[in-house]
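The structure appears below as structure tokens.
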Number of protein chains: 2
Amino acid sequence: MDIRTLCLGILTLGEASGYEIKQSFEDHFSRFYEASFGSIYPALAKLTEEGFVTCTELPQDKRPDKKVYRITAQGRLAFIDELMKPPGRDRLRSEFIATLMFADLLPTRHLSDMLDERVRDARGAVAEWRAREQGRVTPGQRFVLGYAIAMHEAMARYIEDNRHLIEGHALLTPGAAPAG
Amino acid sequence: MDIRTLCLGILTLGEASGYEIKQSFEDHFSRFYEASFGSIYPALAKLTEEGFVTCTELPQDKRPDKKVYRITAQGRLAFIDELMKPPGRDRLRSEFIATLMFADLLPTRHLSDMLDERVRDARGAVAEWRAREQGRVTPGQRFVLGYAIAMHEAMARYIEDNRHLIEGHALLTPGAAPAG
DNA sequence: GGGTCTATATATCGGATCGAAATAGGTTTG
DNA sequence: CAAACCTATTTCGATCCGATATATAGACCC
């Protein structure tokens with residue numbers, strides 16, 4: 001499932017320009033799948049070539065011209081074909097986790113700041129998704145939203161519950177009493 | 001934090017060949033950060049050029065020759081410098097989630113198989129990590145291992161608890177009784 | 001008034017990375 | 001005894017990201 005296919009998928013929800021597809025990626029797939037303009041525009045060009053989408057140029061005043069893409073019947077079939085393929089493994093690239101693997105090389109203060117920031121970010125994302133959960137979404141979208149919320153809540157909870165493992169052991173060492 | 005830096009990190013744990021670094025990625029970073037030979041070998045060449053690692057060719061009988069890499073003092077400093085930079089956002093590419101966004105386009109049977117497979121995979125990964133948890137690891141590694149376990153347990157649990165949202169509503173609709 | 005920021009909109013390019021193949025001998029498995 | 005897999009490195013096309021270029025216009029600040 002490449003960006004080309006995902007663009008096709010977004011176009012099953014309605015016509016859109018490249019710019020709007022980028023926004024759609026941020027709205028619907030944020031944190032699960034991302035795509036840059038450098039992928040989207042060439043993808044749309046190729047999909048047009050292949051007859052999976054059609055393109056209508058739409059002049060706008062006070063705005064740059066827009067190219068509106070619409071999925072074709074052939075494109076719909078191609079998309080379903082792709083959807084039916086068993087999904088590949090998740091591919092995550094987490095600099096956060098990679099850094100924590102080497103936690104023993106970093107000052108505790110630095111680690112604490114990183115963990116605080118991470119928990120804040122996760123909780124913030126959960127709050128945003130909870131707001132969106134109220135809106136009108138398909139069952140699939142509701143499931144994915146709930147998944148995102150569950151994952152990020154688990155992340156924040158795990159960090160809070162286990163940060164002592166890397167933030168120094170003074171308070172856990174038997175016999176050691178906090179100063180003051 | 002690019003692959004070059006991650007290679008440097010792995011070399012802080014001891015000398016290794018490119019092949020062994022690939023295995024290390026699979027052991028330590030599996031599902032958090034991946035790297036292919038196509039990234040690792042050029043990375044090691046560049047690190048050697050820059051003086052961050054040294055390379056010793058080691059002829060082996062009954063095996064292809066090996067190039068063993070060792071991190072230098074300069075390399076260690078460069079790695080810490082990189083580690084201290086605030087980690088970038090996690091970047092995930094999940095075909096599984098992308099597919100479920102369009103769950104309404106897929107037959108229920110197909111969805112069920114996908115979800116079963118996913119739960120099986122997550123539970124399997126958790127079992128493997130639990131086994132590794134017993135071994136000798138640094139606090140950072142223990143934290144990351146626990147994180148991996150917590151995330152995948154949350155994933156399996158969420159899917160089990162919410163799969164009815166996309167597997168059809170017959171059993172939930174008031175008044176609807178299962179056939180047979 | 002000038003400066004910067006943000007938003008809409010598309011195109012393009014360098015560089016990072018993947019995934020697969022090429023090469024080559026040894027070992028395990030059916 | 002062939003097929004499959006393990007060790008080990010190199011290389012290459014394809015994909016994708018991130019940044020930049022281009023153009024216009026409203027918002028905000030000093």
Side-chain angles (χ1 to χ4, degrees), chain A residues 1-8 15-27 29-50 53 55-69 82 85 88-95 98, chain B residues 1-8 10 15-27 29-50 53 55-69 82 88-95 98:
Chain A
M1 174 123 58
D2 51 15
I3 304 276
R4 253 176 74 256
T5 307
L6 260 294
C7 287
L8 220 43
E15 61 175 37
S17 66
Y19 190 85
E20 288 160 351
I21 286 175
K22 175 81 155 75
Q23 292 179 315
S24 219
F25 263 99
E26 275 148 27
D27 287 354
F29 293 110
S30 174
R31 300 189 188 221
F32 293 112
Y33 216 112
E34 286 172 46
S36 65
F37 289 126
S39 309
I40 292 171
Y41 285 115
L44 289 170
K46 208 172 178 194
L47 287 169
T48 308
E49 247 182 70
E50 296 168 326
V53 305
C55 174
T56 315
E57 279 190 61
L58 184 75
Q60 301 183 114
D61 47 305
K62 311 216 175 184
R63 285 268 170 272
D65 292 359
K66 212 192 228 185
K67 290 186 182 176
V68 176
Y69 293 89
E82 276 297 320
K85 292 186 186 169
R89 284 187 40 163
D90 285 8
R91 271 170 35 215
L92 173 60
R93 167 146 305 188
S94 176
E95 297 191 0
Chain B
M1 176 123 60
D2 49 16
I3 304 273
R4 253 177 73 255
T5 306
L6 260 295
C7 287
L8 220 43
I10 286 168
E15 61 176 36
S17 66
Y19 189 85
E20 288 160 351
I21 286 175
K22 176 78 155 75
Q23 291 180 315
S24 220
F25 264 98
E26 274 149 25
D27 287 354
F29 294 108
S30 174
R31 300 188 188 224
F32 294 113
Y33 217 112
E34 285 173 47
S36 64
F37 289 127
S39 311
I40 291 172
Y41 284 113
L44 289 170
K46 209 174 177 192
L47 288 169
T48 308
E49 248 182 68
E50 297 169 324
V53 304
C55 176
T56 315
E57 280 189 59
L58 184 75
Q60 299 183 115
D61 47 305
K62 313 214 172 182
R63 285 268 169 274
D65 292 359
K66 211 192 229 184
K67 290 187 183 177
V68 177
Y69 293 89
E82 276 296 322
R89 284 186 41 161
D90 286 6
R91 272 170 33 215
L92 173 60
R93 168 148 307 189
S94 176
E95 296 190 0

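Every chain is numbered from 1, with letters handed out A, B, ... down the list of sequences. Given the structure is predicted, the values throughout are model-derived calculations rather than measurements.
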State whether [X] places a side-chain N or O below 4.0 Å from either non-bridging phosphate oxygen (OP1 or OP2) of [N].
X: A/R93; N: D/dC16; result: no
X: A/Y19; N: C/dT10; result: no
X: B/S39; N: C/dA16; result: no
X: B/S17; N: D/dT9; result: yes
X: B/Q23; N: D/dC6; result: no
X: A/R91; N: D/dC16; result: no
X: B/K22; N: D/dA8; result: no
X: A/Y41; N: C/dT10; result: yes

More 5' along DNA chain D: A/M1 or B/F37, using each one's nearest nucleotide?
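Upstream on the strand: B/F37.
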Starting at atom [atom1] of [X], determine the distance to atom [atom2] of [N], rounded to an integer number of angstrom.
X: A/E26; N: C/dA9; atom1: CD; atom2: P; answer: 14 Å
X: A/F29; N: D/dC17; atom1: CZ; atom2: P; answer: 13 Å
X: B/I21; N: D/dT7; atom1: CD1; atom2: P; answer: 15 Å
X: A/D2; N: C/dT17; atom1: CG; atom2: C1'; answer: 16 Å
X: A/L92; N: C/dT17; atom1: CG; atom2: P; answer: 15 Å
X: A/L44; N: D/dT15; atom1: CG; atom2: C1'; answer: 16 Å
X: B/K66; N: D/dT10; atom1: NZ; atom2: P; answer: 14 Å

Here's one to test your reading of the geometry: is the NZ or CZ of A/K22 within 45 degrees of the ring axis of A/F37 and under 6.0 Å from its centre?
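Because its charged atom sits under 6.0 Å from the ring centre and within 45° of the axis, A/K22 does stack over A/F37.
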Of all the heavy-atom pairs spanning A/L6 and B/A98, show the shortest one and how long it is.
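Answer, listing the atom of A/L6 first, then B/A98: CD1-CB, 4.2 Å.
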Using a 4.0 Å heavy-atom cut-off across all strands, classify [X] as base, sugar-phosphate, or nothing.
X: B/R4; answer: nothing
X: B/G18; answer: sugar-phosphate
X: A/E57; answer: nothing

Thinking salt bridges, do A/E82 and A/K85 make one under a 4.0 Å N-O criterion?
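A/K85 and A/E82: salt-bridged.
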Among D/dC17, C/dC18, D/dT10, the nucleotide that comes nearest once only the side chain of B/I3 is considered
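Between D/dC17, C/dC18, D/dT10, the one nearest the side chain of B/I3 would be C/dC18.
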Looking only at the side chain of A/K46 (C-beta and beyond, no hydrogens), which of the listed nucleotides C/dA11, D/dT15, D/dG18 gets closest?
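Nearest to the side chain of A/K46 among the choices is D/dT15.
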For side chain to side chain donor-acceptor pair (under 3.5 Å), just list the numbers for A/D27 and A/S24, CA-CA rounded to whole Å, side-chain angles, deciding distance to a tenth of an Å, and then say yes or no.
CA-CA 5 Å; A/D27 287 354; A/S24 219; 5.7 Å; no
Want to settle it: does A/D65 or A/G38 sit nearer the 5' end of DNA chain C, counting the closest nucleotide to each?
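So the residue in question is A/D65.
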Ignoring hydrogens and geometry, is there a side-chain-to-backbone donor-acceptor pair from A/E95 to B/G88 under 3.5 Å?
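Checking the backbone N and O of B/G88 against the side chain of A/E95, a donor-acceptor pair under 3.5 Å is found.
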Going by side-chain contact (heavy atoms from CB on, under 4.5 Å), name the residues that satisfy it together with B/T48, two or more places apart in sequence or in a different chain.
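In terms of side-chain contact (heavy atoms from CB on, under 4.5 Å), with neighbours along the sequence ignored, B/T48 is linked to B/V53, B/C55, B/Y69.
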